[in-house]
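Comments concern the structure below.
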Amino acid sequence: MTEKALSNHRLALLNLQRKPFRTWALLAVVALLAFVLFGGSVMIRSLENGIEGLQARLGADIVVVPEGYDQDLAGVMIHGEPTYFFMDKDVLAQVQSCEAVEIASPQFYLASLNAECCGSSVPIIGFDPESDFTVQPWITEQYSKSLDRGQIIVGSDIVAQNDGTVLFFGRNYEVAARLERTGTGADVSCFTTMETIEDLYRDAREKGAYFKQGVTYENSISSIMVRVRDGFSLTQAAGQIRRATEGKVEIVQTQRMIDSVGGSLQGVAGGLYIIAGVFWLLALALLSIVFSVTANERKKEFALFRILGATRRRLSRLILREAFYISLGGGVLGVLLAALAVFPFSVYIGDRLGMPYLLPGMGEILLILCGSLLLSAACGPLASAHAARKISRAETYHTMREGE
Amino acid sequence: MVLEVKDLCKQYTRGDRPFYAVDHVSLTMDKGEFVSIIGRSGSGKSTLLNLIAGLLDPTAGEIRICGKSLTGMDDAALSAMRNTALGYVPQGQTVLGNLTVLDNVRLPFYFGDRTGPSSDRARDLLEQVGIGHLAGSLPRELSGGELRRVSIARAMMCSHDLLVLDEPTGDLDPRTTEEIMALLRGIAQSGTAVLMVTHELDTTGYGDRVLEMDSGKLSPRL
């Protein structure tokens, strides 16, 4: 049988095995810390990514919607809530006439029927390819050609049929491309040109979809995406639009929408960072107390190590190593548990938080993982440093007598 | 000369009054010599042993082990000396409960930063002290006398020239005491100098010399 050297590594492990309850209790403390650090950081970064995705998705400086529908717009953009609202198409010309408006591009919103393509109703957004400056620059990342009539671009969560089509109002539409995940409502939305929207509108009518009296495809639009001309402020542009439309519309400044979501994120992120900090300090304090008490209990053992020829440095390293193993083990355990909680349930978490939520890329996740492990693993040695210093510097003779 | 102690002092202060726990002690020991030091509790016996083992700094005087002075040695050198030249058996039960008997004996080998096998040497020592069959046992399965034998084998693991024991039979029954003393006698006869502190006069018959310690002063027992 090969013999195992009694290195610091083995002595540390043997000692941890000797006190299984204490070892597991300390592992649990550090695991909780690592869980909060890793899980919290991934969540915060996912929310930040979601906000970035929302900014990229919105594209416009101002969105004009019918009066009282600003919250519905946020519902579509952020959460992908299927809804439709309309205003008179003449508003487009009124907005375009404003000096502060560089581009004004109309959009037409529909909502699919339940369980037709995707298990539940999804928003369908029609845009005007001639004037559009918000949807096309963004979808060209996945689809550089122009969309033909009957073609649709789908969000990342929309599942196409085997033949590469989606069914809306009894008709199949070819999926030209699938967008990357953004963490916003775009993930459960479909995008197409006004030509195709016209077909969809007519089919919707035939299938009995309800439209307010007087609303037709020809005379209605849902929103106008506005780019403000250089030299004009958003407030000036909003003022001109309000006057041109006689106040009959809702003017949504997209930055304010982002800021309101970002403000909530700052609150969530701040809370999570505070919790992580408190956990770190608590873990440090708790481990310090436990290591200090343990070092006192083991005075005689440490004195014996000195008697047998262990240097002060070796003794100190032995104590630090034990602490390091506990904190590393707890860190790995906590990160694993956090990964099991955060990754499979990311969609659910995003829904529950009610904010755009997009997991970071693998590289960033690895960085967060390394950082969380580093902070967790450092916790043990930091907490035991005082005990290690004290016990290794003590005079062995006195330590031996105190330990008796 | 294995051990040379010259004019060794250790001074403490109790209240405001300084006193010598070890008061100008001189002592020499040759290879294979068995010296017993007797004295009442608090006479300074254990302090003297700890000074010799380099576990306490003397107030004055010099200690040489195998010709090397402990004065001015740094921690690494003192630790190496304790690991290689001097085996120390402290008072009471000092066997580590989470290690087997064999691993307890092997332990000093690794404090000397050595590599390679250590089990054969440890098993030989356990055979020598008469508990070879207990190598795989845990300390809780052993009697007091067997535990003391483990401590002695462990102290000799790294080929020590000097074996220092602090009351090795303090908590043992008469029969086990006799066995341990016979073992120490045998160790001395094999060439290791044995320095033992005891307050049991019965055990002094095993030594070559008996010294008495009283109020920090060491003198031959008359």
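Proteins come first, then strands; the chains are lettered A, B, ... in the order of their sequence lines, and each starts at number 1. No hydrogens, no waters, no symmetry mates; every other heavy atom, side chains included, goes into these values.
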What part of D103(B) gets closer than 4.5 Å to chain A, counting heavy atoms only: side chain, backbone, both or neither?
both
Counting neighbours of CZ on R393(A) that are heavy atoms of other residues, nucleotides or ligands and sit closer than 6.0 Å, is the number greater than 12?
no
Output for pair (T311(A) OG1, L78(B) CG), nearest 0.5 Å, gives 11.5 Å
Apply salt bridge (Lys or Arg N to Asp or Glu O under 4.0 Å) to residues R306(A) and D75(B) and explain how you reach the verdict.
CA-CA 10 Å; R306(A) 294 280 290 143; D75(B) 180 57; 2.8 Å; yes
I need the minimum non-hydrogen distance between Q93(B) and K300(A), along with the two atoms involved.
O-NZ, 2.9 Å
Find out whether F305(A) and L107(B) are in side-chain contact, i.e. whether some heavy atom of one side chain is under 4.5 Å from a heavy atom of the other.
yes
Taking every heavy-atom pair that is under 4.5 Å apart, which of A53(B), A76(B), P90(B), S118(B) has the most such pairs with chain A?
S118(B)
Kindly compute the distance separating OG (S79(B)) from CZ (R312(A)), expressed to the nearest 0.5 Å.
7.5 Å
For the candidates N98(B), N83(B), L55(B), L102(B), which exhibits the highest count of non-hydrogen atom pairs separated by less than 4.5 Å from chain A?
N98(B)
Quick check on T47(B) against chain A: is it the side chain, the backbone, both or neither that has a heavy atom closer than 4.5 Å?
both
Rounded to the nearest 0.5 angstrom, the CZ-NZ distance for R106(B) and K4(A) is 10.5 Å
Should the heavy atoms of other residues, nucleotides or ligands under 6.0 Å from CD of E62(B) be counted, would the total exceed 12?
yes
Does L99(B) form a side chain to side chain contact (heavy atoms under 4.5 Å, CB included) with R10(A)? I'd like the steps, not just the answer.
CA-CA 11 Å; L99(B) 300 182; R10(A) 188 160 152 73; over 6 Å; no
Taking everything shown except F343(A) itself, do over 12 heavy atoms lie less than 6.0 Å from its CZ?
yes
Heavy-atom proximity to chain B below 4.5 Å, by part of N8(A)
neither
At a 4.5 Å cut-off on heavy atoms, which part of L304(A) comes close to chain B: side chain, backbone, both, or neither?
side chain
L308(A) vs R82(B), side chain to side chain contact (heavy atoms under 4.5 Å, CB included): CA-CA, chis, key distance, verdict:
CA-CA 6 Å; L308(A) 297 177; R82(B) 272 197 297 276; over 6 Å; no
Is it true that atom CZ of R389(A) has more than 12 heavy atoms of other residues, nucleotides or ligands lying nearer than 6.0 Å?
no
First locate atom CG of L315(A), then atom CZ of F111(B), and finally report the distance between them rounded to the nearest 0.5 Å.
8.0 Å
